[in-house]
Amino acid sequence: MGQKINPIGMRLGINRTWKSKWYVDPREYSRTLHEDLGLRNLIENSPDTRGADISDVEIIRHPQRITIIIHTGRPGVVIGAKGANIERLGGKLQRLVGKKIQIKIKEIHRPEVNAQLIAMNVARQLRTKASFRRSLNMAVQNAMRAGVQGIKIKIGGRLGGSEMSRSEQRKEGRIPLHTFRADIDYGFAESQTAMGTIGVKVWVFNGELFGRETKEDAGQPLRRQRGRSAARL
């Protein structure tokens, strides 16, 4: 089963948490879900975030406002000169949903081990007609050099301009997709080339999590660390 399902969805409630956190009346569920999709689509395709390398967007709904946490490898692009980009983006989001929007930025300090950023980087190289084999090898080597325990990249489409679509993959280290406690990061991106669309899938294994550990969201790590240090005192 681990080979057929999204590895993040498979581990929800075990060592992963939801990217949208809210409770609504069942009759409002469909509208709220499509509102979240619209927010994510606007953030990822806005001119203000072009080239920002956004890997993830978390949405937390409060009674009077919506908090959006943007995970990006280039926070300066999202913020802009004197915060101009983030102000424009916040205005667009507020007009879309009609509620107060609070935007937080979380920087990804090691983009070479983030599965979504790896997929986006490979897709970008394929778009510029770079050699797909060289792109795969470089991405795998950079990730392993950065300290991951395993990585697998699979691409599919008309590779190299061939007449028929085919798939190619590179793998290094371990990728235990069936193990629930394994911390598997997954990313997907598409490259729109002259010959057609090429899909890029990336799995990254960062080790195993034991007990009730979960991947912390951007708004809480500092508070939790302070709480632990206070408890020790």
Side-chain angles (χ1 to χ4, degrees), residues 1-24 29-30 32-45 53-61 68-73 106 108 110-124 126 135-136 139-140 143-144 146 148-157 165-192 197-218:
M1 195 64 185
Q3 303 287 339
K4 300 175 176 64
I5 192 172
N6 187 309
I8 295 176
M10 184 177 179
R11 289 164 178 80
L12 284 175
I14 300 172
N15 57 22
R16 288 278 179 169
T17 186
W18 283 260
K19 295 179 181 178
S20 290
K21 302 181 181 71
W22 40 263
Y23 292 95
V24 294
Y29 184 90
S30 176
T32 310
L33 176 62
H34 283 279
E35 202 172 77
D36 278 11
L37 294 175
L39 289 170
R40 287 195 169 90
N41 185 57
L42 179 57
I43 291 171
E44 292 170 0
N45 298 317
D53 288 349
I54 295 175
S55 72
D56 203 0
V57 176
E58 291 183 54
I59 298 175
I60 304 171
R61 291 178 178 267
I68 298 177
I69 304 169
I70 301 176
H71 298 244
T72 173
K106 183 176 182 183
I108 298 171
R110 296 200 301 159
E112 64 275 3
V113 302
N114 185 282
Q116 183 62 33
L117 294 188
I118 293 172
M120 292 167 62
N121 184 41
V122 172
R124 193 181 302 120
L126 294 175
S135 300
L136 293 182
V140 169
M144 294 301 293
V148 302
Q149 296 191 22
I151 178 173
K152 181 171 75 170
I153 306 178
K154 186 174 183 179
I155 59 176
S165 64
R166 57 196 176 95
S167 62
E168 187 98 8
Q169 78 172 31
R170 291 288 184 278
K171 182 180 176 183
E172 189 86 22
R174 294 175 56 227
I175 306 290
L177 296 179
H178 293 289
T179 306
F180 282 114
R181 64 175 178 266
D183 180 12
I184 303 288
D185 192 16
Y186 174 74
F188 172 77
E190 290 183 342
S191 178
Q192 305 293 339
T197 302
I198 297 177
V200 183
K201 296 179 180 180
V202 179
W203 295 262
V204 175
F205 176 45
N206 293 307
E208 295 184 352
L209 299 175
F210 298 93
R212 297 294 297 173
E213 299 175 68
T214 58
K215 302 287 282 186
E216 294 179 324
D217 67 81

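Values below: all heavy atoms of this structure, side chains included; hydrogens, waters and symmetry mates excluded.
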To check you understand the geometry: which heavy-atom pair defines the closest contact between [X] and [Y], and what is its length?
X    : Y    : value
N206 : V204 : OD1-CG1, 3.6 Å
V113 : A143 : CG1-O, 4.3 Å
V122 : A139 : CG2-CB, 4.0 Å
M10  : L177 : SD-O, 4.0 Å
I175 : W203 : CD1-O, 3.9 Å
D53  : R124 : OD1-NH2, 2.9 Å

Is any side-chain heavy atom of [X] less than 4.5 Å from a side-chain heavy atom of [Y]?
X    : Y    : value
I153 : I118 : yes
S55  : I108 : yes
Q116 : D56  : no
Q169 : K201 : no
E58  : W18  : no
N121 : E112 : no
K171 : K154 : no
Q192 : T197 : yes

- Does R110 reach the main-chain N or O of A146 with its side chain, forming a donor-acceptor pair under 3.5 Å?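 Yes, the answer is positive, given that a donor and an acceptor are paired below the 3.5 Å cut-off.
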- Quick check: does any side chain N or O of N41 sit under 3.5 Å from a backbone N or O of L37, one acting as donor and the other as acceptor?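 Such a contact is absent between N41 side chain and L37 backbone.
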- Item | Qualifying residues under side chain to side chain contact (heavy atoms under 4.5 Å, CB included), relative to W22, sequence neighbours excluded |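 Testing W22 for side chain to side chain contact (heavy atoms under 4.5 Å, CB included), a comparison that skips the adjacent residues, returns S20, V24, Y29, T32, D36, R61.
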- Task: Might you work through the side chain to side chain contact (heavy atoms under 4.5 Å, CB included) test for I70 and I43, ending with a clear yes or no?
- Result: CA-CA 9 Å; I70 301 176; I43 291 171; 4.1 Å; yes
If you round to the nearest 0.5 Å, how far is [atom2] of [Y] from [atom1] of [X]?
X    : Y    : atom1 : atom2 : value
I8   : N15  : CD1   : CG    : 10.0 Å
E172 : K152 : CD    : NZ    : 14.0 Å
I54  : N45  : CD1   : CG    : 9.5 Å

- Walk me through it: do I59 and R40 pass the test side chain to side chain contact (heavy atoms under 4.5 Å, CB included)? CA-CA 9 Å; I59 298 175; R40 287 195 169 90; 3.9 Å; yes
- Query: Picking from R11, R174, R16, what satisfies salt bridge (charged side-chain N to carboxylate O under 4.0 Å, His left out) with D183?
  - Reply: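 Per the salt bridge (charged side-chain N to carboxylate O under 4.0 Å, His left out) rule, the option paired with D183 is R16, out of R11, R174, R16.
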Going by atom type alone, with no hydrogens or angles, which donor-acceptor pairs under 3.5 Å involve a side-chain atom of residues 184-191 and a protein atom two or more places apart or on another chain?
unit_1: D185; atom_1: OD2; unit_2: A115; atom_2: N; d: 3.1
unit_1: S191; atom_1: OG; unit_2: A123; atom_2: O; d: 2.9
unit_1: S191; atom_1: OG; unit_2: R127; atom_2: N; d: 3.3

